[in-house]
> 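Take a look at this one; I'll ask things after.
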Amino acid sequence: MRVTSKGQVTIPKPIRDRLGIEEGSEVAFIEDDDGVRLVRQAEREDPDVQAREFREWLQSVRGTIDTNGMDGKEFVDWLRGPYEDLDPH
């Protein structure tokens with residue numbers, strides 16, 4: 001894609017079709033550590049879509065944390081650190 005002097009680009013038709021972007025649709029540019037994502041504005045506000053996107057993200061990061069063989073409780077306890085410095089009262 002080449003950006004015009006007005007900062008415009010053409011969204012390729014297959015992407016417009018997949019995202020349901022039509023003339024008059026509102027879109028948003030979401031910046032994150034990997035770059036910028038284009039999302040249809042209505043989808044960002046739809047709780048069902050947000051839930052689906054979260055589940056997809058969760059699935060994409062599944063198995064990426066090495067717990068050194070610890071189960072969930074052991075790992076959380078390890079993250080929190082020792083308790084002996086906490087005042088029980």
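Keep in mind that what you see is a predicted model, and the values were worked out from it rather than measured. Positions are given from 1, in the same order as the sequence printed here. Atoms considered below: every heavy atom in the structure, side chains included; atoms not considered: hydrogens, waters and symmetry mates.
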> Applying the 4.5 Å side-chain criterion to the ILVMFWY set and letting contacts propagate, would L19 and I11 be lumped into a single cluster?
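Hydrophobic grouping puts L19 with I11.
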> Going hydrophobic residue to hydrophobic residue with side-chain gaps under 4.5 angstrom, can you get from I15 over to V9?
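In one cluster with I15: V9, no.
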> What distance do K13 atom NZ and R18 atom CZ have between them, rounded to the nearest 0.5 Å?
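Result: 12.5 Å between the selected atoms.
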> For residues F54 and I30: do they belong to one hydrophobic cluster (side chain heavy atoms under 4.5 Å, members Ile, Leu, Val, Met, Phe, Trp, Tyr)?
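Different clusters: F54 never reaches I30 through Ile, Leu, Val, Met, Phe, Trp or Tyr contacts under 4.5 Å.
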> How far does CG of L38 sit from CZ of R16, to the nearest 0.5 angstrom?
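Rounded to the nearest 0.5 Å, the CG-CZ separation comes to 11.0 Å.
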> Calculate, to the nearest 0.5 Å, the distance between atoms CD and CZ belonging to Q41 and F29 respectively.
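The CD atom of Q41 sits 11.0 Å away from the CZ atom of F29.
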> First locate atom CG of L79, then atom CG of D77, and finally report the distance between them rounded to the nearest 0.5 Å.
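Taking CG in L79 and CG in D77, the distance rounds to 9.0 Å.
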> Drop me the distance from E26's CD to I21's CD1, to the nearest 0.5 angstrom.
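It comes to 11.5 Å.
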> What are the two closest non-hydrogen atoms of R40 and G20, and how far apart are they?
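Closest pair (atom of R40, atom of G20, distance): CD-O, 3.5 Å.
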> Kindly determine whether R37 and D32 satisfy side-chain contact (heavy atoms from CB on, under 4.5 Å), including the steps that lead there.
CA-CA 8 Å; R37 296 183 303 124; D32 59 28; 3.7 Å; yes
> With a 6.0 Å cut-off (strictly less than), is the heavy-atom count around CD of E56, excluding the residue itself, greater than 12?
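Yes, because the 6.0 Å sphere around CD of E56 holds more than 12 heavy atoms from other groups.
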> Is the CD1 atom of I65 crowded by more than 12 outside heavy atoms at less than 6.0 Å?
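No.
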> Drop me the distance from E74's CD to N68's CG, to the nearest 0.5 angstrom.
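One finds 11.0 Å between CD of E74 and CG of N68.
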